[in-house]
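Let me begin by presenting the structure, written as structure tokens, before commenting on it.
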Amino acid sequence: MMSTPRHFGPYTVTSLLDGLFEAPVDVLLHADGDEARRRLIEKRAGRGIRIDVNCFVLSGPAGITLIDSGAADAYGPALGKVRAALPAAGIQPEQIDRVLLTHIHGDHALGLLDGTAAWAPRAELLIPEADLAFFTDPAARAAQPEAKRGPFDIAAKLVGAYAGRLRALPNGEVPGLPGIEALPLPGHTPGHTGYLVRNGKDSLLIWGDALHLQDEQPAEPEIELVFDIDPALALRTRRALLEQLATEGWVAAGSHITGFGRVQRAGSAYGFVPVE
Ligand SMILES: [Zn+2]
């Protein structure tokens, strides 16, 4: 399913739904500790999470850019719908000029692989440099618990499949994409990155996984999911990001939230208000 195209400067941005990710309430944590977590779970009446998995298509002066790729068939039939949605929207994999990753997690990167081969036969793959360095580092792998080692395998496959057209992406202006900036949002992963499509007050920030729960985390940024590699850093990033978005007035979209919206101050915290 594709969203209505939105225009930011010279770029047309469309969000593509890869499917819905569901997980039990156990994936919720709270930075304030066990008691706060218990209250949160009680408030949700034990309800788990059910969130979008999105990627984004940018088309404009520099051709077709995909931000993240969905999960392909790696997470079962609930995900992987981008594989059909893109051709249905008239975009074949061979037309994609480049792919930007927000970070190396399966629901963002596995869509780029057909087994060990590249799914996008021509695309240049730009991976935030701190994520590429971390997830190709054997010592970093050894230091992670087994449950968090999957992305290291994905990184190895991407390096193989996209050899010769994979580049480490530093923060700042994205090479070849005028007006697009890679904004570091570390914590979820070391190189987790948002992409800012600059267009004055009506700029768009695609925040990746900085927030997963659009109704709850702006009001209570201390709510976190188990998937963060450095939860304390992810919380600092989330707070700073919410403040920045409220100040700048940019439009925001994310990998796991629905639609486009703006962050507004609400008391001592924030709210996420959808834009028409
Ligand atoms: Zn994610």
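Since the structure is predicted, the reported quantities are computational estimates derived from the model, not experimental observations. Just so you know, ligand 1 is whichever comes first in the structure, and atom 1 is the first atom listed for that ligand.
A distance-only check finds a donor-acceptor pair linking the side chain of Gln95 to the backbone of Gln92 [under 3.5 Å].
Nearest N/O/S atom of Asp209 relative to the Zn ion (ligand 1): this is OD2. His256 contributes atom NE2 as its closest N/O/S atom to the Zn ion (ligand 1). Within Asp107, the N, O or S atom lying nearest to the Zn ion (ligand 1) carries the name OD2.
Counted within 6.0 Å of NZ on Lys157, heavy atoms from surrounding residues, nucleotides or ligands total 12 or fewer; the atom is thus considered open.
Backbone or side-chain N, O or S atoms of His188 do not reach the Zn ion (ligand 1) at under 2.8 Å.
Both tests pass for Arg6 against the ring of Phe260: distance under 6.0 Å to the centre and angle within 45° of the axis.
No side-chain donor from either of His7 and Asn199 sits under 3.5 Å from a side-chain acceptor of the other.
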